[in-house]
Amino acid sequence: MTFEEKKREYAKLLVNAGLSIRKGQKLYLTCPLEVADFAKLVIKEAYLAGASNVIVKWVDDEIARMKYDYAPIEVFENFPEWEALEKNTLAKDDTAFMRIVGEDPEALKGVDANKIKAGQKAAYVALRDYYKLQSTMGFKWNVSAVPSKAWASKVFPDIDVDEAVSRLWEAVFGTVRIGEGDSVKLWMDHAAKLKEKYTILNNWQLKELHYKNSLGTDFTVGLVENHRWEGGADKDPVDGRPFFANMPTEEVFTMPHRLKAEGVLCSSLPLCYEGDLIEDFKLVFKNGEVVDYDAKKGKDQLKLLLEGDEGSRHLGECALVPFDSPVAKQGILFLETLFDENAACHFALGNCYETNLIGGPEMSEEELIAHGGNISLNHVDFMVGTKDLEITGITKDGEQVTVFKNGTWAF
Ligand code: ZN
Ligand code: ZN
């Protein structure tokens, strides 16, 4: 396949597997202006697949940055009503949402954190309907990535920028199985394999997981009762056909109990949080809460994350990913969570996914918390998986089952 053919195949994959666009459905596409040529491939495929209307929202790092630098904080504190109306209405009106990322990982480095926080808080309130439907898969959505110059030169700082962009494109293609045949079919097979894993885990209903590796991780996490492992494909709320909220995705994940985490967790990959890297860090948990932490680099940034709100010091997601996943095999740090979280086992500090608990989507926030779910404005994944990671599960009867051995599935 030539480079242009791969790009077209990728656009087709996003439309036909990522979102499984139906005839007559609307598509809302958020995309960096810099990769408009790729967006046009997607838009064409969407219309060919039967989309009735493609609504495009262009984004740009420099313009976003200008707003943080020059607009007053009140602008971030007050989410515009018209903008909320647009998304909340479309979300309830059979629209599929696609977001293409590719931003400079350091685009917002050094901007006023209060403005970021105020913006997130206002959006959380104004877009409540949209977020609720998104988190419960009430509409189809997909997040994927396309290389920008700024992103590629951060990933490959030592080579010419055009060369960096092509190398990052090839790496992205590798992670989403482009160039290996019919990519839509490959994704359906991949989804079936992930389903096999989470079905077994769901039947086990493990009480807790114990993590151990040579980095120094020695950690136990409790899972909520009636937890649900999920991963791979989700179902179209209308016709039940599969779609993928993330591409790539290699994880199966569930809900940790917000008050049940004990011991030391060591990071295995750097974490890029709001434009700054946190490297070689460890978190010490007691009764589910981070009570101590350290980092070789970016300790202040880690502090900022942990002090975001009460829920930022508790876990909201527990995810299993083999150390040799197609993302990990690229052998690079993508500096983008969409990829890096699919290179290794990870946890998230902050908000949980209510779909990870049976009956969770119907629960109020209070009920979710009472069941062990975590609520936060943050949801930040950090990677802990290594080649030598061992994960042992403990059943309700106290029996041990090996979940991960030598960094990968043991069953
Ligand atoms: Zn995850
Ligand atoms: Zn996550």
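Counting starts at 1 for both ligands and their atoms, following the listed order.
Under the side-chain hydrogen bond (donor to acceptor under 3.5 Å, both in side chains) criterion, the residue pairs touching residues 314-331 are Glu310-His314, Glu317-His346, Glu317-His379, with sequence neighbours excluded.
Salt bridge Glu354/Lys132: present, at least one basic N to carboxylate O contact under 4.0 Å.
Within a radius of less than 2.8 Å around the Zn ion (ligand 1), the protein N, O or S atoms are Glu251 OE1, Glu317 OE2, Glu341 OE1, His346 NE2.
Side-chain contact check for Ser376 and Asn378: no donor-acceptor pair (N or O, by modelled atom type) lies under 3.5 Å.
By the side chain to side chain contact (heavy atoms under 4.5 Å, CB included) test, Gln25 pairs with Ile21, Arg22, Asp94, Ala96, Lys140, sequence neighbours left out. Lys67 pairs by the side chain to side chain contact (heavy atoms under 4.5 Å, CB included) definition with Ala71, Val75, Phe76, not counting sequence neighbours.
Checking side-chain atoms of Trp229 against main-chain N and O of Ile200 turns up no donor-acceptor pair under 3.5 Å.
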